[in-house]
2 protein chains.
Amino acid sequence: MNTAYHHGNLRQALLDRATETVSEKGVEGLSLRGLARDLGVSHAAPLRHFATKAELLNAIAVEGVGSLIEATGGVDAHPSGVARLRAMVLAYVDWAIANSELHHILRNPDVMRHASDDLTALLATFADRQRQEIKAAQESDWRTDTDPEVLFLHLVSLTAGTAIVTTEEIYKRRVAAPETRSKVEASIDLFLG
Amino acid sequence: MNTAYHHGNLRQALLDRATETVSEKGVEGLSLRGLARDLGVSHAAPLRHFATKAELLNAIAVEGVGSLIEATGGVDAHPSGVARLRAMVLAYVDWAIANSELHHILRNPDVMRHASDDLTALLATFADRQRQEIKAAQESDWRTDTDPEVLFLHLVSLTAGTAIVTTEEIYKRRVAAPETRSKVEASIDLFLG
DNA sequence: TTTAGGATGTTGTCAATGTCTACATAGGTC
DNA sequence: GACCTATGTAGACATTGACAACATCCTAAA
């Protein structure tokens, strides 16, 4: 039960604290030793759970994508294909806003550079879901004359782009405030409406 | 005349080599000392030009945005507002594909975190240009019934998203290949058409 | 109940790195 | 020809990622 030795649950504590630190000070600002200090363990303790810094970042990303998939999963209640698509995009953006630290980590090339098989598999799962929703929407008579792959490209671009623009500091200030959320909906509806 | 001391033009050499290194090994993989070794100068020589690693990365980003602005600048020849908008978006995406290293650097939170005033000013310039093109397009009768700020949000999201999706390893494989370029055009036209 | 073995932490160590300080030299200016 | 500044060098230090050797707790098999 909640086993573990001196600490209790070091692995999860590392993940949590690391997520905070990265969102505050970036990947550069994250150090395994600093993490160990924060949690009151010895400098090498983290290595028992993550052999390398990249491995830790990757684990955070896995958690993140899992959370994203979960957040965009409660979509099945909606009837029409387009409504589901819309709900999914908005759920994505809302998730990115609510979990901007995780979202930033997923966007960080230095994290994705070392993506594990687990992680890429999860991302593939999510992409499949998007493709599937496109198909369903087309079957319910939405943009039936357009190449599904073009719609997919558009969806992914727009979704990722919107999440970034509403989330990253550099854009946030310049774009869409105030009333960001309602503008996001209007923007999405340019595609889905 | 190509002045300078032992090296010749260390500053530019640092920028160039650093850009290469970052695109190969990421920001984490970039080290000032490694850079110095590559260029055959002493370990502290780079500090004469960039007091800190962040400063170097920032300088690269400034170069990058400058190049982007230049690349999207040859747009004025086009007549209609929408055609100009279209040309600008495609120029952006093409630039991102042709200069994916620079594009990645601009997308890296660890770079943007330390953005200088110069850099943010350049980015603001680019954003202004985008806003202006939207206005021109609306004046030539494109989507006149839509809030310009919503169009701006949509444009920025779609542009950034498309560049990312066609450029970053994780997406590239899964989206739009083959014939990426023609799909990109088709996707953009869903918005501009 | 004891005990072997794995999981988890600790301490010690090493090379590499960012950054600082003190020193050297080249080139242009008065 | 004597300075001054830009540029580069040499040395030093704290921090870091990573490895190895050792310690301790926990569990399951005997």
Side-chain angles (χ1 to χ4, degrees), chain A residues 1-22 24-61 105 108-116, chain B residues 1-22 24-61 105 108-116:
Chain A
M1 347 237 77
N2 181 6
T3 87
Y5 184 36
H6 282 140
H7 182 274
N9 192 354
L10 184 54
R11 189 190 149 91
Q12 192 59 45
L14 286 166
L15 287 172
D16 294 345
R17 184 79 184 106
T19 304
E20 287 176 33
T21 303
V22 170
E24 281 167 25
K25 301 193 268 178
V27 171
E28 285 189 308
L30 176 70
S31 95
L32 294 176
R33 293 176 98 112
L35 226 44
R37 276 193 298 272
D38 289 353
L39 300 176
V41 294
S42 76
H43 65 178
L47 298 183
R48 290 291 158 198
H49 301 274
F50 307 101
T52 167
K53 189 176 164 180
E55 210 170 280
L56 168 62
L57 289 168
N58 191 82
I60 294 176
I105 292 177
N108 193 307
D110 284 323
V111 174
M112 285 308 170
R113 172 182 308 277
H114 307 104
S116 66
Chain B
M1 346 229 65
N2 182 7
T3 88
Y5 183 37
H6 281 140
H7 183 274
N9 191 354
L10 185 53
R11 188 190 149 92
Q12 192 58 46
L14 285 167
L15 287 172
D16 293 345
R17 184 79 185 104
T19 303
E20 287 177 32
T21 304
V22 170
E24 281 167 24
K25 302 192 268 178
V27 172
E28 285 191 308
L30 176 70
S31 94
L32 294 176
R33 293 175 98 113
L35 226 44
R37 276 192 299 273
D38 289 353
L39 299 177
V41 293
S42 78
H43 67 175
L47 299 183
R48 290 292 159 197
H49 301 273
F50 307 101
T52 166
K53 189 176 165 179
E55 210 170 281
L56 169 62
L57 289 169
N58 190 81
I60 294 177
I105 291 177
N108 193 308
D110 283 324
V111 175
M112 286 308 169
R113 170 182 310 277
H114 307 105
S116 65

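Here is the naming used below: chain letters follow the sequence lines, and residue numbers restart at 1 for every chain.
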Shortest non-hydrogen separation from B:N58 to B:H114 and the atoms involved
OD1-O, 3.3 Å
Rounded distance in Å - [atom1] ([X]) to [atom2] ([N]):
X      : N      : atom1 : atom2 : result
A:D38  : D:dT15 : CG    : P     : 14 Å
A:L39  : C:dT10 : CG    : C1'   : 15 Å
A:L35  : D:dA18 : CG    : P     : 13 Å
B:E28  : C:dA16 : CD    : P     : 18 Å
B:L30  : C:dT19 : CG    : P     : 11 Å
A:H114 : D:dG17 : NE2   : P     : 13 Å
A:L14  : D:dG17 : CG    : P     : 12 Å
B:R48  : C:dG27 : CZ    : P     : 17 Å

Is the backbone of B:E20 close enough, under 3.5 Å, to the side chain of B:K25 for a donor and an acceptor to pair up by distance?
no
Treating B:R17 as the side-chain partner and B:A36 as the backbone partner, does any N or O pair qualify as donor plus acceptor under 3.5 Å?
no
Just checking [X]: base, sugar-phosphate only, or nothing, at a heavy-atom cut-off of under 4.0 Å?
X     : answer
B:L56 : nothing
B:L32 : sugar-phosphate
A:H43 : base
A:R37 : sugar-phosphate

Per B:S42 side chain, nearest of listed nucleotides D:dA10, C:dT11, D:dG17
D:dA10
Which nucleotide wins on minimum distance to the side chain of B:L47, given the candidates D:dC19, C:dG9, C:dC20?
C:dC20
Pair A:R11-A:H49, side-chain donor/acceptor within less than 3.5 Å:
no
Tell whether B:R33 reaches the base of C:dT19 with its side chain through a donor-acceptor pair below 3.5 angstrom.
yes
With DNA chain D as reference, determine whether A:S31 or B:G40 sits nearer its 5' end, using the nearest nucleotide of each.
B:G40
Side-chain contact, heavy-atom cut-off 4.5 Å: A:K53 with B:E28?
yes
